[in-house]
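Index from 1, following the sequence. Owing to the predicted nature of the structure, the values given are computational and were not obtained by experimental measurement.
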Amino acid sequence: MSRDERPLTAVPGWIWLALAACLALQLAWAGMRPGMLHRAEDLPPAPRLAALRLASMGEPEALARLAMLYLQAYDLRGANRIPYQDLDYHRLVAWLRVILELDPRSEYPLFSAARVYAEVPDPTKIRTVLEFVYREYLKDPNRRWPWLAQAAMVAKHRLHDLPLALKYADSIDRHTTAPGVPVWAKQMRIFILEDMNELQAAKVILGGLLASGSIKDPAELRFLKHRLEALEARQAEQARREKMSHP
């Protein structure tokens, strides 16, 4: 457990009582109206931040966790083939945003956006949550970069939108300055450029990274040099084919 986390026993008793009461009411309602418990289409508008802060009674982190549990209870019925596909994603993002504002150090809303709510088969909804991750990343790049890196992977592999993936990767390289950020996160744009067949741009960035002397790990240096050699070989092969096709 990190220093920023507290055991569940530290949560005030009144919050547990309130949660128990809410669950009891929900179960009672479900018993009277079978199948009506937390339907995705019934997700209400997000509450105002001021109201949540007032309701937290000085425990915003605990209330933020409970709010996430409440939010994720929607559309988790066992018979649902694709959870969350019926959610109103504009309301969903409003909930995630206000919960993150209530507890800015929490990673749960961004994790849920990038790893849970981005799993639906609707590209428009995926883009909605990825844009939420991007905008929130910009508010705290050195802590939130892992979720933008995940968003870049989703953009690349699920949306097949390489320009969008490159936008996110460029932002990580430009705005994330913490010394502990792994090299692979700073290198993402190189490999996306390679996928886009922008070989010269990828080669220039990779060559500059090697020349900067910022890479100290011998294994990483070997890997990057190998990638640069592969880029140069691919670029030379591409030039050879172009020459043969235009004698």
- Do NZ/NE/NH1/NH2 and the carboxylate oxygens of E131 and R135 come within less than 4.0 Å?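 Between R135 and E131 there is a salt bridge, with a charged N closer than 4.0 Å to a carboxylate O.
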- Salt-bridge criterion met for K156 and D195 (N-O under 4.0 Å): yes
Any chance you could measure [X], atom [atom1], to [Y], atom [atom2], to the nearest 0.5 Å?
X: L92; Y: Y117; atom1: CG; atom2: OH; value: 5.5 Å
X: I99; Y: L66; atom1: CD1; atom2: CG; value: 10.0 Å
X: L138; Y: L148; atom1: CG; atom2: CG; value: 7.5 Å
X: N197; Y: L162; atom1: CG; atom2: CG; value: 11.0 Å
X: R65; Y: D103; atom1: CZ; atom2: CG; value: 7.0 Å
X: R144; Y: E136; atom1: CZ; atom2: CD; value: 5.5 Å

Are any non-hydrogen side-chain atoms of [X] and [Y] less than 4.5 angstrom apart?
X: R158; Y: E119; value: yes
X: M68; Y: P109; value: yes
X: P179; Y: V181; value: no
X: W147; Y: E107; value: yes

- Test side chain to side chain contact (heavy atoms under 4.5 Å, CB included) on Q85 and D122 and set out the steps. CA-CA 8 Å; Q85 64 178 334; D122 185 328; over 6 Å; no
If you compare all heavy atoms of [X] against all heavy atoms of [Y], which two are closest, and at what distance to 0.1 Å?
X: L52; Y: L63; answer: O-CD2, 3.2 Å
X: A169; Y: I192; answer: CB-CD1, 3.8 Å
X: N142; Y: A178; answer: OD1-N, 2.9 Å
X: V154; Y: A118; answer: CG1-CB, 4.2 Å
X: P141; Y: K139; answer: CD-C, 3.8 Å
X: A152; Y: A165; answer: O-CB, 3.5 Å

- Task: Start with the C-alpha distance between L130 and K125, add both sets of side-chain angles, then the distance that settles side chain to side chain contact (heavy atoms under 4.5 Å, CB included), and finish with yes or no.
- Result: CA-CA 9 Å; L130 295 190; K125 291 184 174 182; over 6 Å; no
State, without any angle test, whether [X] and [Y] hold a side-chain donor-acceptor pair at a distance under 3.5 Å.
X: Q72; Y: Y108; answer: yes
X: T124; Y: Y89; answer: no
X: E61; Y: S106; answer: no

- Message: Donor-acceptor pair, distance only, cut-off 3.5 Å: does the side chain of R143 make one with the backbone of R105?
- Response: yes
- W95 (side chain) donor-acceptor with P44 (main chain) under 3.5 angstrom: yes
- Could you walk me through whether Y137 and T176 pass side chain to side chain donor-acceptor pair (under 3.5 Å), step by step? CA-CA 10 Å; Y137 155 82; T176 306; 2.8 Å; yes
- Whether W184 and W145 hold their rings parallel, tilted or perpendicular, with breakpoints at 30° and 60°: perpendicular
- Is there a side chain to side chain contact (heavy atoms under 4.5 Å, CB included) between L164 and R127 once you walk through the steps? CA-CA 10 Å; L164 183 61; R127 290 177 187 277; 3.7 Å; yes
- Message: Test side chain to side chain contact (heavy atoms under 4.5 Å, CB included) on I190 and L193; report intermediate values, then the result.
- Response: CA-CA 5 Å; I190 297 172; L193 283 168; 5.8 Å; no
- Establish, yes or no, whether the cationic atom of K167 lies under 6.0 Å from the six-membered ring centre of Y134 and within 45° of the ring axis. yes
- Sequence-distant partners of F191, ring-ring contact (aromatic ring centres under 6.0 Å, His included), two or more places apart: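 F191 satisfies ring-ring contact (aromatic ring centres under 6.0 Å, His included) with no residue once adjacent residues are dropped.
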